[in-house]
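Residue numbering restarts at 1 for every chain, and letters A, B, ... go by the order of the sequence lines. If you're wondering where the values come from, they're calculated on a predicted model, not measured in any experiment.
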Amino acid sequence: MKQFFTNALLDWNNNENTRSMPWKGEKDPYRIWLSEIILQQTRVEQGWAYYEKFILNYPTVQDLAAAPEEAVFRLWQGLGYYARCKNMLAAAKQIVSQYHGHFPNTHDSILSLKGIGPYTAAAIASFAFNLPHAVLDGNVFRVLSRFFDIDTPIDSTAGKKQFAQLAQELLPHGLSASYNQSIMDFGAVVCKPQQPACNTCPLAKKCKGYQQGLTALLPVKTKKLVIKKRYFYYLVLQHKDNVYIRKRTENDIWQNLHEFILIETSGPEDPATLQSSAAFKAIMGDIRYNMDAASATFKQQLTHQTIHSQFLLLSVSKKPEIQGYTAVPRNQLDSYAFPKTITDFLKNRELTLF
DNA sequence: AACGCGGGGCT
DNA sequence: AGCCCAGCGTT
């Protein structure tokens, strides 16, 4: 059964797989690494353009390691999970300083790099160096759980261990690169999360999940998501051609991205009510300002939070000190990375004075 | 072992 | 609205 599975996947890859990607067949470990970091929890279609931007701007790991952090974040802007960007920069510096710019070529040394976990280490080790490590990502969990009818939750420790062992047993000797590529493409193209193509699937006749009508119920997950609502009010405070921003540093969403002066409330607030609140006074104190406009409410859905944001445009004639914030020329805003909801606001020019 | 972290596409 | 995506680091 295992032999059939592996061979069928390799056959499918050779005969029917037409999925193309800019990094497919790539042997430069730097490029493979870059693509894998970009693709963590990210669809191929979404990451594609980012990969090409990064290769163009930073052709080598030395280029990336030497790049200004803000420029790299700006390039990453909009891709999400910004800790990946931070860790990627740290790893680039690690490779330059510890490995003299040569990408490490053993599984353990690859795994030791910042931002590289079990999946990414196996991917780089197999794709770049053909080392015998099976990848275990969302596709692999799904394909294995269905074909072998395994209902151990994939988000449990036991499940991860069980699937990792099975995946490793299925890995054909000397073919880890093409096999790993096969199973992930197969999961994305045929054994999809919704509406898998079972009627044309070359593995269906031996797929236990399919034969028992369980494909829609596999893989099993235990945890359910709780989504909380948050309300952000951004004071877009302008003094002449300057606007006040800061970098987000707390343990929260959008770490290392920039934002305007933030007041977070526990629920929706009227702009007038907000102006008389303690939070507003704590920031603005006795500063004389003019309220020029209030934007519509922007809604952004994150995995685990719904963010409602409204932008209040304030201007002052005398330059104030705002604790924690810096006044920057507004024509330089595009050198800073902002979360999507703020770039949306900035794009919507008719609302604003920008 | 559990949780937090973006943004986008599809149903 | 809910689910998932070439997962990882922190607590």
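The Ile253(A) side chain lies nearest to dC5(B) when the options are dA2(B), dG7(B), dC5(B).
We find that NZ of Lys86(A) is positioned 14 Å from P of dG6(B), with the value rounded to whole Å. Computed from coordinates, the Ile38(A) CD1 to dG8(B) P distance equals 15 Å when rounded to whole Å. Whole-Å rounding puts the Arg230(A) CZ to dC5(B) C1' distance at 12 Å. Counting to the nearest Å, the P atom of dG8(B) and the NZ atom of Lys299(A) are 15 Å from each other. Tyr50(A) places its OH atom 13 Å from the P atom of dG6(B), with the value rounded to the nearest Å.
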Per-nucleotide protein contact string for nucleotides 4-11 of chain C, where B marks a base within reach and S marks sugar-phosphate only (heavy atoms under 4.0 Å, - for neither): BBBBSSSS

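Counting only residues at least two apart or on different chains, the side-chain hydrogen bond (donor to acceptor under 3.5 Å, both in side chains) pairs with a member in residues 144-159 of chain A are Thr152(A)-Gln162(A), Asp155(A)-Thr222(A).
Residue His304(A) has no polar side-chain atom (N or O) positioned under 4.0 Å from OP1 or OP2 of dG4(B).
A residue-by-residue look at Thr157(A) and Gln301(A) shows that Thr157(A) has its nearest nucleotide of DNA chain B further toward the 5' end. Annotation: of the two residues near DNA chain B, Gln195(A) and Lys340(A), the 5′-most nearest-nucleotide partner is Lys340(A).
Nearest heavy-atom pair across Val96(A) and Ala65(A) is CG2-CB, 3.7 Å.
The residues Arg142(A) and Asp137(A) are annotated as not salt-bridged, no charged nitrogen and carboxylate oxygen being separated by less than 4.0 angstrom. Taking the charged nitrogens against the carboxylate oxygens, Lys247(A) and Glu69(A) do have a contact shorter than 4.0 Å, which makes a salt bridge.
Side-chain heavy atoms closer than 4.5 Å link hydrophobic residues (I, L, V, M, F, W, Y) into clusters, and following such links, even through other members, never connects Val189(A) to Tyr210(A).
Annotation: cation-pi pair Lys53(A)/Tyr50(A) present, NZ/CZ under 6.0 Å from the ring centroid and within 45° of its normal.
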